[in-house]
Undergrad: 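Provided herewith is a single structure, encoded as structure tokens, for subsequent inquiry.
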There are 2 protein chains.
Amino acid sequence: MSGKEQLSEGINACPVTYALKLIGGKWKIPILWVLSQNGTMRYNELKRRISGITNMMLTQSLKDLEANGLIKRVQYMEIPPRVEYSLTDAGMSLLPALAELARWGTEQMKQYNNKCDIAGGNTSQ
Amino acid sequence: MSGKEQLSEGINACPVTYALKLIGGKWKIPILWVLSQNGTMRYNELKRRISGITNMMLTQSLKDLEANGLIKRVQYMEIPPRVEYSLTDAGMSLLPALAELARWGTEQMKQYNNKCDIAGGNTSQ
DNA sequence: CAGAATCCTTTCTGATACTG
DNA sequence: CAGTATCAGAAAGGATTCTG
């Protein structure tokens, strides 16, 4: 997932497999999600919003996403440097899927918390 | 993602991050997808349908998914052994998200193939 | 048939330092 | 500010062999 693979496979590929080639890996979906929530964002803003990501993985994932046309990178020639990231139209077209995923995640979190309350497992906060 | 982590984090977790804890990694979405397309499936049937997966990853991913309540495993005490996997209700509730992902993947494949046709890159078939 | 075990490779992390 | 470089260690994933 280092931005070097070919996306071909022509016809017989599964659309889900194909989608995961574009947005698979640990950080791409989180990146797309925070971008969808916040619009245009700068590098360090992204880094702050995505808890746990390292410079290396953020840089690499941004590069991959840009190479696949899902995000747009605009660099302003200033001192100090400013670089802004945002979703392209192709990236935007993923939003319904991300929204469904978020909805599902919310639902699952509720289920889990309910179970924990009943089992007395985790009442922290 | 080896089935040992805690899913807690109580409140302040992002629903997308939470969702990815349940279905993140390389093989879980493909597994859920083929199960959603084929209903109940046996181990080797899954293996055949998911190109590239190894025994280890299939076994591990199935265990994780079962532990998180997304799939159901039914083992028949026969010789030769028979084990059937299917989606639970929680697994089913992910279907809208998977369908959106598949739709998006199809869309992106078209875009890519168009670009390739224009550039003369990949006219295979 | 449905895996478990073992060993090996790749990817990711964490910390720290450096650059234009 | 927005990265890049390096390197040790951990984790995820892969390949192969073996078993009830």
Side-chain angles (χ1 to χ4, degrees), chain A residues 1-6 16-17 20-31 34-35 38-68 71-86, chain B residues 1-7 9 17 19-32 34-35 38 40-68 71-86:
Chain A
M1 209 71 59
S2 305
K4 291 286 184 190
E5 329 77 14
Q6 292 297 51
V16 167
T17 303
L20 290 176
K21 280 189 191 173
L22 300 177
I23 60 167
K26 192 165 183 179
W27 298 109
K28 286 176 193 163
I29 290 183
I31 290 172
V34 306
L35 276 175
N38 298 280
T40 297
M41 295 177 78
R42 299 177 62 172
Y43 182 90
N44 276 327
E45 204 179 344
L46 277 163
K47 199 180 168 192
R48 276 191 302 274
R49 293 272 188 170
I50 301 171
S51 115
I53 199 168
T54 60
N55 275 337
M56 228 189 62
M57 292 315 293
L58 180 52
T59 302
Q60 183 62 62
S61 304
L62 288 170
K63 265 183 197 158
D64 288 356
L65 289 170
E66 193 196 0
N68 289 326
I71 66 174
K72 186 172 35 184
R73 190 192 115 114
V74 180
Q75 178 170 4
Y76 299 89
M77 288 315 231
E78 309 172 353
I79 306 281
R82 183 159 58 105
V83 179
E84 292 186 341
Y85 295 93
S86 57
Chain B
M1 208 71 62
S2 304
K4 292 287 183 188
E5 329 76 15
Q6 293 297 55
L7 301 172
E9 296 199 33
T17 302
L20 290 177
K21 282 189 190 172
L22 300 177
I23 59 166
K26 193 167 182 178
W27 299 108
K28 286 175 194 164
I29 290 182
I31 289 172
L32 294 168
V34 304
L35 276 176
N38 298 280
T40 297
M41 294 176 80
R42 301 178 62 173
Y43 182 90
N44 276 327
E45 205 179 343
L46 278 163
K47 199 179 168 195
R48 275 192 302 273
R49 293 271 188 170
I50 302 170
S51 115
I53 198 168
T54 62
N55 276 338
M56 226 191 62
M57 292 315 295
L58 179 53
T59 302
Q60 184 62 62
S61 304
L62 288 170
K63 263 184 198 158
D64 289 355
L65 289 170
E66 193 196 0
N68 289 326
I71 66 174
K72 188 172 34 180
R73 190 192 115 115
V74 181
Q75 178 170 5
Y76 298 90
M77 287 315 229
E78 308 171 355
I79 307 282
R82 182 158 61 106
V83 179
E84 292 186 342
Y85 294 92
S86 57

Undergrad: From CD of A:Gln60 over to P of D:dA2, roughly how many Å is that when rounded to an integer?
TA: 19 Å
Undergrad: Could you tell me the separation between the CD1 atom of B:Ile31 and the P atom of D:dG13, rounded to a whole number of Å?
TA: 11 Å
Undergrad: Distance check needed: D:dG13 P versus A:Leu20 CG, whole Å only.
TA: 12 Å
Undergrad: In whole angstrom, give the distance that lies between atom CG of A:Asp64 and atom P of D:dG3.
TA: 14 Å
Undergrad: Which whole-number value in Å describes the distance from B:Tyr85 OH to C:dC1 C1'?
TA: 11 Å
Undergrad: Just verifying a value: how many Å separate A:Trp27 CH2 and A:Thr54 OG1, rounded to the nearest 0.5 Å?
TA: 7.5 Å
Undergrad: Once you round to the nearest 0.5 Å, how far does CD1 of B:Ile31 lie from CD1 of B:Ile23?
TA: 12.0 Å
Undergrad: Considering only heavy atoms, which members of residues 71-83 of chain B lie under 4.0 Å from some atom of DNA chain C?
TA: B:Arg73, B:Pro80, B:Pro81, B:Arg82, B:Val83
Undergrad: Roughly how far apart are B:Gln60 CD and B:Lys28 NZ, rounded to 0.5 Å?
TA: 8.0 Å
Undergrad: About how many Å separate CD of B:Glu45 and CD1 of B:Ile50, when rounded to the nearest 0.5 Å?
TA: 10.5 Å
Undergrad: Could you give the CD1-to-P distance, from B:Ile29 to D:dG13, as a whole number of Å?
TA: 12 Å
Undergrad: Just checking, is any N or O donor in the side chain of B:Tyr76 or B:Glu84 under 3.5 Å from an acceptor N or O on the other one?
TA: yes
Undergrad: Return the residues of residues 42-50 of chain B meeting this criterion: a heavy atom under 4.0 Å from some atom of DNA chain C. Order them by number, or give none.
TA: B:Arg42, B:Tyr43, B:Asn44
Undergrad: Measure the shortest side-chain to side-chain distance between A:Tyr43 and A:Leu62 over non-hydrogen atoms and say whether it is less than 4.5 angstrom.
TA: yes
Undergrad: From A:Arg49 CZ over to A:Asn38 CG, what is the distance, rounded to the nearest 0.5 angstrom?
TA: 4.0 Å
Undergrad: Extract from the structure each pairing of a protein N or O with an N or O of nucleotides 14-18 of chain D at less than 3.5 Å, listing the distance.
TA:
{"from": "D:dG14", "atom 1": "OP1", "to": "B:Lys26", "atom 2": "NZ", "distance (Å)": "2.9"}
{"from": "D:dG14", "atom 1": "OP2", "to": "B:Trp27", "atom 2": "NE1", "distance (Å)": "2.9"}

Undergrad: Could you state the interatomic distance from CG (B:Leu46) to CG (B:Leu35), rounded to the nearest 0.5 Å?
TA: 5.0 Å
Undergrad: Closest heavy-atom contact between A:Lys47 and A:Asn55?
TA: NZ-OD1, 3.2 Å
Undergrad: If I take atom CD in residue A:Glu84 and atom P in nucleotide D:dG3, what distance separates them, rounded to the nearest angstrom?
TA: 12 Å
